[in-house]
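Accompanying notes for the structure given below.
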Amino acid sequence: SYGKGKDALVLIHGWTCNLDNWRDQIPDFAKRNRVIALDLPGHGQSDKPEIPYTMDLFANAIDAVLRDAKVERAVLVGHSMGTPVARQFYRKYPQKTLAIVIVDGGLRPFGTKEMRENFISMFRSPNYKQAGMQMLSQMAPTLPAEGKERVNASFANTPQYVVVSAMEGMNDDALYRPDKINVPVFAILAKSPFWPADTEEFLRGLAPDLELQWFEGVSHFLMMEKPKQFNDAVIAFLNKKNLLK
């Protein structure tokens, strides 16, 4: 927790990652407003009990952190899995949600149910670490070696039951209902063929107050690859929407 105030910018990492992903964001953001970064349950230095790691669990964990920090309202910045976590937080605690910043994360399932189930099965196998690191490497071809080492180390330190359960939690169809997000949403996405052609149209259908920026020449961990561009974009959004002032 950096700074003071009843409103805060909350940084939510992705699957098998931890709050260290935001090390290049916290100093810039903390100059402007209160910042809270957390390790979700099962990740980083947080406890790792053998329980289901649902997006509801993560949303409730964020609420617990905010209550402990005496924060009443938040702008949620969710990278990757952090995006459906932020959306679930908004569903459960709309009065506490000032805005959502999507960082290369999805608000609809990728592929068919069968494809997703086959994908998850890789992480149930004994060689799940090899499968996970290979997948993370494919998702971050432009991430410098030091960043890849941090991402891989975080994955290696995440217990297999958390790896599998969090991935199952992300693939719960109930997460992707078409209910509207009626707070400002800023989506920062890495330009790639991975995103369907109708991505902007789809997001506008969910979030009427949407801003979207495509970052070129970056991959999935774009805030680690182009921190200044990312930080400037988020701060400009906060200023434009008069948030956390």
Side-chain angles (χ1 to χ4, degrees), residues 10-23 25 37-62 65 76-89 100-111 115-125 127-141 143 147-176 187-190 192 194-195 218-225:
V10 177
L11 305 176
I12 310 166
H13 62 75
W15 176 74
T16 74
C17 291
N18 63 64
L19 61 79
D20 183 57
N21 284 164
W22 305 108
R23 69 161 68 158
Q25 279 64 58
L38 68 153
D39 287 337
L40 293 169
H43 295 72
Q45 295 183 51
S46 287
D47 290 346
K48 302 169 178 65
E50 292 202 41
I51 57 173
Y53 285 87
T54 64
M55 302 305 107
D56 267 346
L57 173 80
F58 294 145
N60 290 338
I62 293 166
V65 167
L76 302 170
V77 182
H79 174 243
S80 194
M81 182 184 78
T83 293
V85 172
R87 179 164 196 193
Q88 205 62 4
F89 182 93
I100 295 172
V101 179
I102 295 170
V103 185
D104 215 49
L107 287 176
R108 57 180 164 180
F110 298 108
M115 282 169 57
R116 299 198 308 272
E117 186 52 41
N118 287 338
F119 181 72
I120 295 170
S121 67
M122 290 193 306
F123 302 107
R124 297 191 183 107
S125 71
N127 64 345
Y128 77 98
K129 283 191 179 179
Q130 182 184 351
M133 290 186 188
Q134 186 175 359
M135 184 195 81
L136 290 167
S137 177
Q138 289 168 351
M139 293 175 76
L143 184 64
K148 285 182 181 173
E149 284 171 20
R150 282 159 55 198
V151 169
N152 285 339
S154 186
F155 177 85
N157 288 329
T158 307
Q160 185 175 16
Y161 58 84
V162 178
V163 169
V164 172
S165 185
M167 184 65 79
E168 288 171 342
M170 253 192 295
N171 281 284
D172 178 359
D173 287 334
L175 287 174
Y176 303 108
I188 306 176
L189 307 178
S192 87
F194 174 80
W195 294 107
V218 293
S219 52
H220 188 51
F221 293 86
L222 54 87
M223 73 285 193
M224 295 168 65
E225 293 181 45

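The backbone N or O of Glu168 lies less than 3.5 Å from no partner atom in the side chain of Asp172, so there is not a single donor-acceptor pair. Trp195 places a side-chain N or O within 3.5 Å of a backbone atom of Ala190 that can act as its donor or acceptor partner. Not one N or O on the side chain of Ser137 forms a donor-acceptor pair closer than 3.5 Å with the backbone of Gln134. Looking only at distances, no side-chain donor or acceptor of Ser165 sits under 3.5 Å from a matching main-chain atom of Pro52.
The aromatic rings of Trp15 and Phe123 sit perpendicular to each other, their planes meeting at more than 60°, with 30° as the lower class boundary. Taking the six-membered ring for Trp and thresholds of 30 and 60 degrees, His43 and Phe58 have ring planes more than 60 degrees apart, a perpendicular arrangement.
Here the closest non-hydrogen pair linking Glu225 and Val218 is OE1-CA, 3.4 Å. Closest approach of Pro41 and Ser46 over heavy atoms only: CA-CB, 4.1 Å. Closest approach of Val103 and Val77 over heavy atoms only: CG2-CG1, 3.7 Å. Contact between Met170 and Pro84 at its shortest, heavy atoms only, is CG-CG, 4.4 Å.
Within 6.0 Å of the CG atom in Asp173, the count of heavy atoms belonging to other residues, nucleotides or ligands exceeds 12.
Here side chain to side chain donor-acceptor pair (under 3.5 Å) pairs that include residues 150-163, with residues two or more places apart or in two chains, are Asn18-Ser154, Asp20-Arg150, Glu146-Arg150.
Separating the OG atom in Ser80 from the CD1 atom in Ile12 is a distance of 12.0 Å, to the nearest 0.5 Å. The NE2 atom of His79 lies 4.0 Å from the CE atom of Met223; values are rounded to the nearest 0.5 Å. Interatomic distance, CE of Met139 versus CZ of Phe221, reported as 6.5 Å (0.5 Å rounding). Separating the NZ atom in Lys148 from the CG atom in Leu136 is a distance of 10.5 Å, to the nearest 0.5 Å. A distance of 8.5 Å separates OG1 of Thr54 from CG of Leu175, quoted to the nearest 0.5 Å. Note that CZ of Arg23 and CD of Gln25 are 11.0 Å apart. Values are rounded to the nearest 0.5 Å.
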> How far apart are the C-alpha atoms of Met81 and Leu40, what are their side-chain angles, what is the distance that settles it, and do they pass the side chain to side chain contact (heavy atoms under 4.5 Å, CB included) test?
Replying inline: CA-CA 11 Å; Met81 182 184 78; Leu40 293 169; 3.9 Å; yes

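Classification of Lys48 and Asp39 as a salt-bridged pair fails, no side-chain N sitting under 4.0 Å from a carboxylate O.
You'll find the side chain of Leu57 reaches within 4.5 Å of the side chain of Ile51, heavy atoms only. Val151 has its side chain within reach of Met224: a pair of non-hydrogen atoms, C-beta onward, lies under 4.5 Å apart. The shortest side-chain heavy-atom distance between His220 and Phe194 does not fall under the 4.5 Å cut-off. Counting only heavy atoms from C-beta outward, the side chains of Leu11 and Leu19 never approach each other to under 4.5 Å.
Applying the ring-ring contact (aromatic ring centres under 6.0 Å, His included) test to Tyr53 and every residue at least two apart in sequence or in another chain returns nothing. In this view, His13 satisfies the side-chain hydrogen bond (donor to acceptor under 3.5 Å, both in side chains) rule with no residue, not counting sequence neighbours.
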